[in-house]
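A short write-up of the structure that comes next.
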Amino acid sequence: MYAQMVKTAGSGVKSREEMTQEERDFQDRIDRGEKIEPKDWMPDDYRKTLIRQIGQHAHSEIVGQLPEGNWITRAPTLERKAILLAKVQDEAGHGLYLYGAAETLGVSRDDLTEDLLAGRMKYSSIFNYPTLNWADMGAVGWLVDGAAIINQVALQRTSYGPYSRAMVRICKEESFHARQGYHIMMKMANGTPDQKRMAQDALNRLWFPALMMFGPSDKDSVHTAQSMAWRIKMDTNDELRQKFVDQTVPQIEYLGLELPDPGITLNKDTGHYSYADPDWSEFFDVIKGNGPCNTDRLAARNKAWDDGKWVRDGLMAHAEKKAARVAAE
Ligand code: FAQ
């Protein structure tokens, strides 16, 4: 794979000749499939790329609680409420594993949080779309967690040890999330005509935003070539998107819903579905901060951070007192 990437014109990936001996040794470890651990030598850009990707991933988990958290108090039954509550709590846990993995690279969770709150770091575009009704809880679990899993299953094999190990646990929990979402969709798609209409509408609204989760098309992806050479990413954005479409279309058919993109057709020769790209100008607009909910999401996270200040201050005061007591003994 690496050899193939270095030949990619304009990929920005250094050739072996351009590398220092340390960089060559590092690349050899990656190519042998060894895991890189926090205290190992690594190129600065490898560290920076990981901090960017793991940080964005952690922020996505945290901001990703908002669209579903919005529906906990309005879940239709006690059982659905308990399930949704557990799912949203899982997302908080995923954020913490990921911030923990990022911290092993020398950044603090507070710094990452401040970058998110100031709009200097991104989180997944999908969470800038609203959740309008209960059917959206089904579609989010099924499509959004479904898309997340496809990416994260591959990331279990990523080269950075702490990130790869965080992914193993996260994937187990995400599978439950996707199933609970599909279960809601099955109930609604087989329910009253109004419920079926709601399920169809949720699918139609969230399909293209879910496709955008995999990032821009390969030709516009700035980081893929280097990230794949370093095995930070295991597949390109378009490869993952294709896997998602191939997995999801039969699930749509099983629900008895109409395809959200009338152009979806199975290519019998390749075994893959062809599909329409999302509107990429909308995607770039959303990641610039202009999606339907960007302002609300950041305002909600800023409020939570400000409201939690007394807890952080209390914990720090307690830690300082304890340290002073230990020093005096
Ligand atoms: N949204 O060169 P590329 C979840 C940015 S899972 C926002 O292709 P890369 C679970 C990208 O950062 C969702 N920004 O970038 C859950 C870069 O900008 P930069 C999170 C995006 O990194 C479910 C620029 O565009 N999963 O939340 C997006 O090689 C339900 C150029 O793009 C992960 O983060 C996007 N969709 O590939 C939680 C997985 N796509 O940084 C709650 C790990 C691209 O230069 C409820 N991440 N950009 O300013 C990855 O695999 C990669 O980072 C990609 C993007 C594939 C997302």
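Each ligand, and each atom within it, is numbered from 1 in the order the structure gives.
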At a non-hydrogen distance cut-off of under 4.0 Å, which region of [X] contacts ligand 1 (side chain, backbone, both, or neither)?
X    : value
N151 : side chain
K87  : side chain
F283 : side chain
H223 : both
N237 : side chain
H94  : neither
E91  : side chain
F214 : backbone
E68  : side chain

Out of all atoms in ligand 1, which are within 4.0 Å of some heavy atom of [X]? Include the element for each.
X    : result
G215 : 40 (N), 44 (C)
V222 : 2 (O), 31 (C)
S221 : 2 (O), 3 (P), 8 (O)
K233 : 8 (O), 9 (P), 29 (O), 37 (O)

Is the closest heavy atom of [X] to ligand 1 under 4.0 Å?
X    : result
H177 : no
S227 : no
F284 : no

[X] side, atom [atom1]; [Y] side, atom [atom2] - distance, nearest 0.5 Å:
X    : Y    : atom1 : atom2 : result
L203 : L257 : CG    : CG    : 6.0 Å
M167 : L155 : CE    : CG    : 5.5 Å
D45  : H223 : CG    : NE2   : 10.5 Å
E68  : E91  : CD    : CD    : 6.0 Å

Item to check | Contact check: Q152 vs ligand 1, nitrogen or oxygen atoms, below 3.5 angstrom | outcome: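 Min N/O separation from ligand 1 is not below 3.5 Å for Q152.
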Should [X] and [Y] count as side-chain neighbours, where that means a heavy-atom distance under 4.5 Å?
X    : Y    : answer
M212 : V286 : no
Q53  : Y163 : yes
W134 : R74  : no
E37  : K39  : no
R80  : L84  : no

Item to check | Residue that, paired with Y99, satisfies ring-ring contact (aromatic ring centres under 6.0 Å, His included) out of H57, H59, H94 | outcome: H59
Checklist entry - Would the number of heavy atoms belonging to other residues, nucleotides or ligands and lying under 6.0 Å from CD of E79 be above 12? => result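 Counting neighbours around CD of E79, 12 or fewer heavy atoms of other residues, nucleotides or ligands fall under 6.0 Å, so no.
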Next on the checklist: Tell me whether E253 at atom CD has more than 12 heavy atoms from other residues, nucleotides or ligands lying less than 6.0 Å away.
Outcome noted: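 Atom CD in E253 is crowded, with more than 12 foreign heavy atoms closer than 6.0 Å.
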What's the shortest distance from [atom] to any protein heavy atom, and which residue and atom give it?
atom                    : answer
atom 11 (C) of ligand 1 : R52 NH1, 4.0 Å
atom 19 (P) of ligand 1 : K122 NZ, 3.5 Å
atom 57 (C) of ligand 1 : M213 O, 3.9 Å

Item to check | Verdict with supporting geometry, Y275 and L259, side chain to side chain contact (heavy atoms under 4.5 Å, CB included) | outcome: CA-CA 10 Å; Y275 60 93; L259 296 174; over 6 Å; no
Checklist entry - Is atom 24 (C) of ligand 1 close to the protein, meaning a heavy atom under 4.0 Å from it? => result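 For atom 24 (C) of ligand 1 the answer is no, since every protein heavy atom stays at 4.0 Å or beyond.
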